[in-house]
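Sequence positions, counted from 1, serve as the residue numbers for this chain.
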Amino acid sequence: SLPPAKVSRGLTGRPPFVEGSMLGQGSIVSGARVERSIVGPGCYVDDGAEVVDSILFPGVMVGPDARLVRCVVDKANAIPAGYRIGVDPEEDAGRFTVSESGVAVVAKSQQLP
């Protein structure tokens, strides 16, 4: 059993913003923006990161200032600081599986630079 989800200011003092989303047990949103998304249990969304119209499977770590838009991130993934997914469709097509409707899928344990 995990503790309840936590929403708090980030290290820079930036306030969090969560709207129309579900946060799983033990997830932490620290000074990040989460909109219309599902954040699975044990996920961490760091200061300045944005998660919009996305699904994060359990245990996903999103680094500071990363931006995830219309994507599904499978478990056991760490999104590096400043990384962008769902922002440039052509770039996403070269790195991930992308659905016909433009949703990028990050496979389980995929190595990201």
Atom CG of residue position Leu2 - does it have more than 12 heavy atoms of other residues, nucleotides or ligands inside 6.0 Å? yes
Side-chain donor or acceptor of Ser101 paired with backbone N/O of Ser99 under 3.5 Å: no
Got Phe96 and Ile85 here, is their nearest side-chain heavy-atom distance under 4.5 Å? yes
Would you mind checking if Glu50 and Arg67 are paired as a salt bridge, meaning a charged N to carboxylate O distance below 4.0 Å? yes
Pick from Val98, Val72, Asp92, Val69: which one makes a side chain to side chain contact (heavy atoms under 4.5 Å, CB included) with Val103? Val72
Quick one: CZ on Arg84 to CD on Glu91, what's the gap to the nearest 0.5 Å? 10.5 Å
Is any NZ, NE, NH1 or NH2 atom of the basic residue among Asp53 and Arg36 found under 4.0 Å from an Asp or Glu carboxylate oxygen of the other? yes
Within-4.5 Å side-chain heavy-atom neighbours: Ile38 and Leu56: no
Check whether any side-chain heavy atom of Asp74 lies under 4.5 Å from a side-chain heavy atom of Val105, and answer yes or no. no
When rounded to the nearest 0.5 Å, the distance separating CZ of Arg14 from OG1 of Thr12 is 4.5 Å
How many angstroms lie between OG1 in Thr97 and CD in Gln110, if you round to the nearest 0.5 Å? 8.0 Å
Phe57 versus Cys43, closest heavy-atom pair with distance: O-SG, 3.1 Å
Evaluate the side-chain contact (heavy atoms from CB on, under 4.5 Å) criterion for residues Glu35 and Phe17: first the C-alpha distance (whole Å), next the side-chain angles of each, then the deciding distance (0.1 Å), finally the verdict. CA-CA 8 Å; Glu35 296 181 55; Phe17 179 85; 3.8 Å; yes
On a heavy-atom basis, the closest approach of Lys75 and Val60 is CA-CG2, 4.3 Å
Met61 backbone acceptor or donor facing Asn77 side chain under 3.5 Å: no
According to a hydrophobic-cluster definition based on side-chain heavy atoms being under 4.5 Å apart (Ile, Leu, Val, Met, Phe, Trp, Tyr only), do Val87 and Val34 belong together? no
Counting distance only, does the side-chain N/O of Ser27 pair as donor-acceptor with the main-chain N or O of Gly24 below 3.5 Å? yes
Less than 4.5 Å apart, any side-chain heavy atom of Ile28 and any of Val45? no
Does any non-hydrogen side-chain atom of Val62 lie less than 4.5 Å from one of Leu68? yes
Measuring from atom NZ of Lys6 to atom OG of Ser30, what distance do you get when rounded to the nearest 0.5 angstrom? 7.5 Å
For Gly63 against Asp46, the heavy-atom pair lying closest together: C-CB, 3.7 Å
For Pro16 and Val7, the nearest pair of non-hydrogen atoms, with its separation, is CG-CG1, 3.3 Å
Minimum heavy-atom distance Pro80-Pro113, with the two atoms named: CG-O, 2.9 Å
Measuring only between side-chain heavy atoms, which start at C-beta, is Val73 closer than 4.5 Å to Cys71? yes
Val51 and Ser37: which non-hydrogen atoms are nearest, and at how many Å? O-OG, 3.5 Å
